Amino acid sequence: MNKAAPADLRKCLEAANMLASFGIRFVPMPAATDAEYAMLSAMFMDKLESLALEVEKSEGGEA
């Protein structure tokens, strides 16, 4: 396992802080490889999109 670049770590911490600031629970998952990181990042983005759609629906918006 290689150490992550500081810029990558900063992005991960920013994402965690964003979720925490909105009161959204999250589970930190270590990514040992670039492929794992890409897969987990894609899952994270998919989940954010589904949460955004839920919020839009609850606010009476189009989804």
Side-chain angles (χ1 to χ4, degrees):
M1 184 170 84
N2 297 327
K3 281 189 167 183
D8 290 337
L9 290 175
R10 189 170 28 261
K11 288 178 189 176
C12 293
L13 290 172
E14 288 171 359
N17 285 329
M18 177 202 55
L19 292 173
S21 72
F22 286 108
I24 299 171
R25 296 185 302 172
F26 63 96
V27 178
M29 292 288 298
T33 65
D34 289 342
E36 264 186 353
Y37 180 77
M39 179 195 64
L40 292 169
S41 294
M43 290 173 59
F44 174 70
M45 293 307 296
D46 289 344
K47 185 60 178 179
L48 284 181
E49 288 177 18
S50 70
L51 288 172
L53 287 173
E54 286 181 35
V55 168
E56 286 180 15
K57 285 180 183 178
S58 71
E59 293 176 347
E62 303 241 348

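Position 1 is the first residue of the sequence, and the numbers go up from there. Keep in mind it's a predicted model, so treat the numbers as computed, not measured.
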Only pairs under 3.5 Å count here: list side-chain donor-acceptor contacts from residues 25-41, not counting sequence neighbours, and write none if there are none.
unit_1 : atom_1 : unit_2 : atom_2 : d
Thr33  : OG1    : Glu36  : N      : 3.0
Glu36  : OE1    : Ala32  : N      : 2.6
Ser41  : OG     : Tyr37  : O      : 2.8

Check: Residues in side-chain contact (heavy atoms from CB on, under 4.5 Å) with Lys11, at least two apart?
Finding: none
Got a list of side-chain donor-acceptor pairs under 3.5 Å for residues 42-52, not counting sequence neighbours?
unit_1 : atom_1 : unit_2 : atom_2 : d
Ser50  : OG     : Lys47  : O      : 2.9

